[in-house]
Each structure stands twice: as structure tokens, then as C-alpha cells.
Protein chains: 2
Amino acid sequence: MNANAAALAHIVDDDEAIRDALAWLFETRGVVSRGWPSAETFLADYVDAMHGCVVLDIRMDGMSGLECFDRLLALGCRMPVIFLTGHGDVPLAVATLRKGAYHFIEKPFNDNELVNVVIEALRHDAAARELEAAQATVASRLASLTAREREVMELILAGKLNKVIADQLDIAMRTVEVHRSRIFEKMGVRSAVELSQLLARKN
Amino acid sequence: MNANAAALAHIVDDDEAIRDALAWLFETRGVVSRGWPSAETFLADYVDAMHGCVVLDIRMDGMSGLECFDRLLALGCRMPVIFLTGHGDVPLAVATLRKGAYHFIEKPFNDNELVNVVIEALRHDAAARELEAAQATVASRLASLTAREREVMELILAGKLNKVIADQLDIAMRTVEVHRSRIFEKMGVRSAVELSQLLARKN
DNA sequence: CCCGACATTGTGGAAATCCGCAATCCGCCC
DNA sequence: GGGCGGATTGCGGATTTCCACAATGTCGGG
């Protein structure tokens, strides 16, 4: 099952009737979903490349939604997580939200409101994924630099002249120029200012 | 009363006994505070330069804590706001946190925990203020640029050569150089890369 | 009218950057 | 040993950037 190919709303709830009802509800608004009967099964299949959002019931047999959330966080999951609960209390809601949960919704909920939240979460994930892809490209270019090139790059970004860098590293100015040229080539830029702008977009 | 000079924990609660108890509690941990008997009195004195955090009771005679929060947001208040409530429910907690409240604490609360939250909020505010001050300096330098200089600056930051900028704006290359020099002077930098780095830190 | 800010331009020369071509040395791996 | 990648360097010439000094024209405000 290729859960990576498209953005899905992952419904994690041990109650099959609820999973089906939610799937149906989401479908009426064009949201593709997948149901998981337990936190364990979802986590077993979880991979970083999963796109979309997680609709997570708090109270389940076996692993709870909260434990599942902690696990997802530990795994570096960036999908927005929407908690559903029939038995929440304020400290719990506050704690999960402050831990980074996307939303916390009590049952019974307004159908439309939930779908709106899901759609918004999917959008959020899409935007985050796009930014991540761009940043990964930059990161891989950075990874292609040799240690020396990285050293010279820092000095370039600090605005130092080639001759100053040469003095500082006790090398010839021509060598600085060579490194500089190689750095720009690998990073796909033509000048120090372009490089700076590229890296600013990464962070 | 100069509430701007130092970072204070602003206690907004119509119950004087609670205000005093909190003030005393905060004082035991070295936190300076000021009590306000109502949202209205606090808002009447509110100025942007107030530093610290706001400890806000939700249920008060007159204006509620929630209305007060909305007002603060509308005024662009960046102080962290900690809600205290004896009668909160989950949707309320979720809504305020998603609106940007710093924390939401139910009464009765653990004294130590509340002070920890306040201290953390004060730290948060201090860091945010520092960043803001640095950004304001850059912003005011940017504001000192003429329209033409700003136009040329964008092109410089795009990595374009002086001769390309000259062609694009249909002016002499010497003119581009003059603008360039004036821009760097006003922005307090010596090169395009320094300028780029400075602006990246602003955003 | 006068003044100041802004935009523009020119001259000539210095400084900084860029680069093709070529070469050497070192360390690592097969 | 041979090959490869990385670091280093030199030469000479081209391009780009920088700048002191000077000047002109326009616009807005007193």
C-alpha cells in the first residue's frame, strides 16, 4: 500500500464505524482518507514520506492517541495532528496543543467544522512540504561542498574580501578565487549575494 | 506610573485578594508585578512599550478576559498572555491557544508551576523584544532610503551586475554606483552580501 | 528667488574579482 | 604503482566595482 503518493487524511480510531463515517464525511468534500484500526498499525506503517494529516482519537484500546502522538513527534513527523476526543479536559487540551498538536476537537463535533479543519491541515502540510523540498535541495548542495569550501564560504558570507580570506587562511588569493568559483558552481549561484539569499531562504 | 521601564507580570483580576496573593507569590521568585482591578483599567494604560507578560483572569465584572485579549491582539500587543480560569472548557482553551495565548491554566493551580510559566513567559518576551529592537534599527535604516535607492537595492539583492541594472533602469552605470554607495552607507554595510545578511536577520 | 534634496552623469585611475590553462603535492583506494 | 579528488599556486588579461571631484537639472518649501 503506497501511502506516500498523495496527501491523505489518516484516520486513527479503533472504532470501525467512526472510521467509516469520517471517511465518508471527508469524501463528500473531496478529501481522500485512510483508516487505521489502531495506533500500532498506523505507526508500523508510518514513514517520513507520508503526506497529509492525522486525525487521531485519544482513547483507544492498546496504545492511546497521546502515546501515538509522542511517538510521531519522536519520529520527526511533521504532519499536522488533529485530536478527537469525547473525554477531554482542559489541561490535556492545553498540553497537547502546546506540544504542537494542530487542533483538539471534542465529540460530538460539527461535521463541517471538522472537515474545514482537515482541509486546512492538508493545506498546511502541502505548504510545509514544499518549503521542505526546497530546503532539501539547498541542503544537498551544501553537503556536496568540501570542508575547505565550507570554511571559505563562511568567510565569503561574512563579507570578507578575497585577500582578507587569503591572509586569514594563509593561502594564495588565487586559491580563494578557485574555492569561491567552485562554491558558486556547486550551489548554483553566480555571486555571493545570490548565495546569501539562497541560504536565507533555507532558514 | 511608568510601566514601561521594566518587565512586569501584569495581573488583571477583579478579585483583589487574588491579585495580592499572586503578587506575593511572584515576588517570592523575584518577579516584579503590577495588579489591575479590571480589564478596562489595564487597557486604558496599555502602551506598546509595556514589557513583560499578562496574567489574565477570564471571568471578570465588566469586560471579560477574552474580550480583553481580543483587544490586546487588535492593539498589536506582543506580550505573552497567560489565562487563568476556574470555569474553562476544552473548546475555550483550544480557541484561545490557537489565537495565540501563551498558556491556559485552570484554578486551582500549582503555585510553583504558575510562577515557572510566568518566568518562562517573561524570558520569551525579553527575547522577542531584543529581536524586535534589532529589527527596528534595520527598518529605520530602510526607511531612510529614497524610492530610487530602494529600487536599485532590490536589483542589487537579486544579484544583478551594475551594468545590467543601468540598462534595466535606463541610467548610467555611474549612477548605479552612486546609488549603490549611498545604499550601503545608509544601511551601514560595505557590500551586497553584508546587506543581504542584514536583511535576512530582519525577516 | 534661494536653498536643499534628489537624481543623474562624466573622467580617470585604483582595487577587486573572475578565469583559462597549467602544474605540483598529498592522501586514499584498488 | 596508478588513478582520482582535493588543495594549492602562478600567469596574464579581461571585467567589474569603487570613488574623489565636479557639474547639471528638477522639484518643493520658505
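So that the names make sense, note that chain A is the first sequence line, chain B the second, and so on, each numbered from 1. Model, not experiment: these values are computed from the prediction.
- Side-chain atoms of B:Arg98 and A:Tyr102, non-hydrogen and from C-beta on, do get closer than 4.5 Å to each other.
- Side-chain contact check for A:Arg59 versus A:Asp14: every heavy-atom pair is 4.5 Å or farther apart.
- You'll find that the side chain of B:Arg182 is closest to C:dC6, out of D:dT8, D:dT17, C:dC6.
- Atom-to-atom, CZ of A:Arg180 to P of D:dG6 comes out at 20 Å; the value is rounded to the nearest Å.
- B:Asp13 places no side-chain N or O within 3.5 Å of a backbone atom of B:Ile18 that could act as its donor or acceptor partner.
- Between C:dA15 and A:Lys163, no contact under 4.0 Å exists linking OP1 or OP2 to a side-chain N or O.
- As rounded to whole Å, 10 Å separates atom C1' of D:dA7 from atom CD of A:Glu149.
- Counting any heavy atom pair closer than 4.0 Å across all strands shown, A:Thr146 reaches sugar-phosphate atoms only and no base atom.
- Closest contact between the side chain of A:Ile171 and the listed nucleotides D:dT9, C:dT9, D:dT17 involves D:dT9.
- Protein atom CG of A:Leu161 is 14 Å distant from nucleotide atom P of D:dT17, rounded to whole Å.
- Nucleic acid contact for B:Arg148: sugar-phosphate only, since backbone atoms but no base atoms lie under 4.0 Å from a heavy atom of the residue.
- Rounded to whole angstrom, the span from the CZ atom of B:Arg190 across to the C1' atom of D:dC19 amounts to 17 Å.
- Going from atom CG of A:Asp170 over to atom P of D:dT8 covers 10 Å, rounded to whole Å.
- Using a distance-only test at 3.5 Å, with no hydrogens or angles considered, no donor-acceptor pair links the side chain of A:His103 to the main chain of A:Ala101.
- Residue B:Asn162 contributes atom CG, which lies 15 Å from atom C1' of C:dT9 at whole-angstrom precision.
- B:Met173 places its CE atom 11 Å from the P atom of C:dG10, with the value rounded to the nearest Å.
- Ring orientation note: the planes of A:Phe83 and A:Phe69 are nearly perpendicular, at an angle over 60° on the 30°/60° scale.
- Applying the 4.0 Å criterion to OP1 and OP2 of C:dA7, one finds that B:Thr175 has every side-chain N and O outside that range.
- Under 4.0 angstrom from either OP1 or OP2 of C:dC18 there lies no side-chain N or O belonging to A:Ser181.
- The distance between atom NZ of A:Lys160 and atom P of C:dA15, rounded to the nearest whole Å, is 21 Å.
- In terms of position along DNA chain D, the nucleotide closest to A:His179 lies nearer the 5' end than the nucleotide closest to the other residue of the pair A:Arg174 and A:His179.
- For C:dC19, its base sits under 3.5 Å from the side chain of A:Glu177 at one donor and acceptor pair at least.
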